[in-house]
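Inspection log for the structure reproduced underneath, given as structure tokens.
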Amino acid sequence: MNILFLDNDKELTALFKHLDTMEDWNISFCKNFEESCNIYDTQSIDIVIIDFILDFGKETLEYIVNKNPKQKVITMGDILECSEPKGCEYCKIHYNKIRLLKPVDTTQLIKLLKNFDNSTCKFYNNFESKAGLIKIMEDIVPRFTGASYNKEDRTITLNSDNYIIDVMQFLNKYKINFEVINDTTLQLQRQQ
């Protein structure tokens with residue numbers, strides 16, 4: 001499998017350099033728009049993995065999907081937005097992209113690479129509403145240091161009270177109602 005990798009994340013780059021020596025994967029690492037386009041135009045690429053938040057990532061993503069709308073693409077980023085400016089519905093109809101949220105669960109990423117054709121974008125239409133954000137909260141919460149999310153009782157637990165303000169500010173920003181249970185636990189309210 002030929003993979004075009006566009007990301008400046010040191011941990012992911014190290015992982016892919018390791019994977020490049022295993023499996024049947026040939027991974028091309030890119031550092032700018034010109035290099036990315038050159039590799040894409042001269043090699044047969046099976047899957048593109050791209051941090052679309054990077055300036056050259058956004059530009060490269062646009063170049064690739066304009067050239068081949070059915071190209072298999074895994075888009076990554078740390079913002080809670082669809083990688084397609086025209087929205088999730090447009091992306092689903094016109095492209096072959098699946099979105100991951102950083103920090104990326106490497107097990108999830110490897111599984112997606114191996115099973116791309118049988119996978120769907122779990123973030124489809126979930127960034128636009130409170131209910132959607134709550135649905136993907138288990139992917140959002142790990143972005144906060146020492147935080148975990150229990151989907152069953154809808155609680156966010158932190159291993160210290162140092163970052164509880166950050167989590168509260170996030171929930172307030174997206175108007176997600178919550179209750180403070182104690183210094184390290186927040187519970188999302190059922191009535192949204």
Side-chain angles (χ1 to χ4, degrees), residues 1-23 25-88 90-92 94-117 119-128 132-133 136-145 147 166 170 174:
M1 176 186 322
N2 292 326
I3 299 171
L4 181 61
F5 180 80
L6 297 89
D7 197 321
N8 62 5
D9 182 291
K10 290 177 183 174
E11 288 179 28
L12 282 177
T13 301
L15 170 70
F16 276 93
K17 285 184 177 179
H18 176 70
L19 292 174
D20 195 30
T21 64
M22 301 171 51
E23 304 279 339
W25 294 352
N26 177 33
I27 303 169
S28 298
F29 299 86
C30 301
K31 296 188 183 342
N32 59 52
F33 176 72
E34 293 77 20
E35 181 182 26
S36 302
C37 294
N38 182 46
I39 291 171
Y40 188 77
D41 290 339
T42 59
Q43 296 181 24
S44 174
I45 301 296
D46 298 302
I47 295 183
V48 175
I49 301 171
I50 188 167
D51 184 339
F52 75 99
I53 305 303
L54 300 171
D55 286 337
F56 83 92
K58 191 177 297 184
E59 188 178 15
T60 304
L61 178 60
E62 187 175 317
Y63 176 83
I64 289 169
V65 296
N66 284 335
K67 191 160 187 149
N68 179 7
K70 295 304 173 191
Q71 174 65 58
K72 295 176 187 176
V73 179
I74 298 171
T75 61
M76 300 183 295
D78 60 1
I79 60 172
L80 300 178
E81 294 177 9
C82 179
S83 64
E84 171 53 46
K86 295 179 182 175
C88 288
Y90 186 89
C91 183
K92 183 178 181 180
H94 293 92
Y95 303 124
N96 194 15
K97 298 191 288 185
I98 296 179
R99 173 85 158 83
L100 292 179
L101 190 61
K102 284 187 169 185
V104 174
D105 177 331
T106 53
T107 304
Q108 181 184 18
L109 178 58
I110 302 296
K111 183 178 175 183
L112 181 56
L113 285 168
K114 291 181 176 184
N115 300 298
F116 188 94
D117 292 330
S119 301
T120 58
C121 184
K122 74 187 277 184
F123 298 107
Y124 171 72
N125 281 341
N126 285 323
F127 295 131
E128 291 83 26
L133 289 171
I136 60 171
M137 195 61 67
E138 63 193 340
D139 292 289
I140 295 172
V141 169
R143 300 170 60 190
F144 298 97
T145 303
D166 295 335
F170 166 79
Y174 290 98

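Here the structure is a predicted model, which means the values were calculated and not measured.
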Name the one of Asp7, Asp78, Asp139 that satisfies salt bridge (charged side-chain N to carboxylate O under 4.0 Å, His left out) with Lys102?
->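 Answer after filtering Asp7, Asp78, Asp139: Asp7.
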
Using 0.5 Å steps for rounding, measure from the [atom1] atom of [X] to the [atom2] atom of [Y].
X      : Y      : atom1 : atom2 : value
Ile79  : Phe127 : CD1   : CZ    : 8.5 Å
His18  : Trp25  : NE2   : CH2   : 10.5 Å
Gln71  : Leu4   : CD    : CG    : 8.5 Å
Met76  : Ile53  : CE    : CD1   : 10.5 Å
Leu112 : Asp105 : CG    : CG    : 11.0 Å
Ile49  : Ser28  : CD1   : OG    : 11.0 Å

Minimal non-hydrogen separation, Asp51 against Gly77, with atom names |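 In terms of heavy atoms, the two residues are closest at OD1-CA, 4.0 Å.
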
Asn2 backbone acceptor or donor facing Asp46 side chain under 3.5 Å = yes

State whether the side chain of Glu84 and the backbone N or O of Lys86 hold a donor-acceptor pair below 3.5 Å, judged by distance alone.
->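 At least one qualifying donor-acceptor pair exists.
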
Cation over ring face, Lys92 and Tyr124, 6.0 Å, 45° =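 Yes, a cation-pi geometry.
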
With sequence neighbours excluded, residues passing side-chain hydrogen bond (donor to acceptor under 3.5 Å, both in side chains) with Asn125 = none

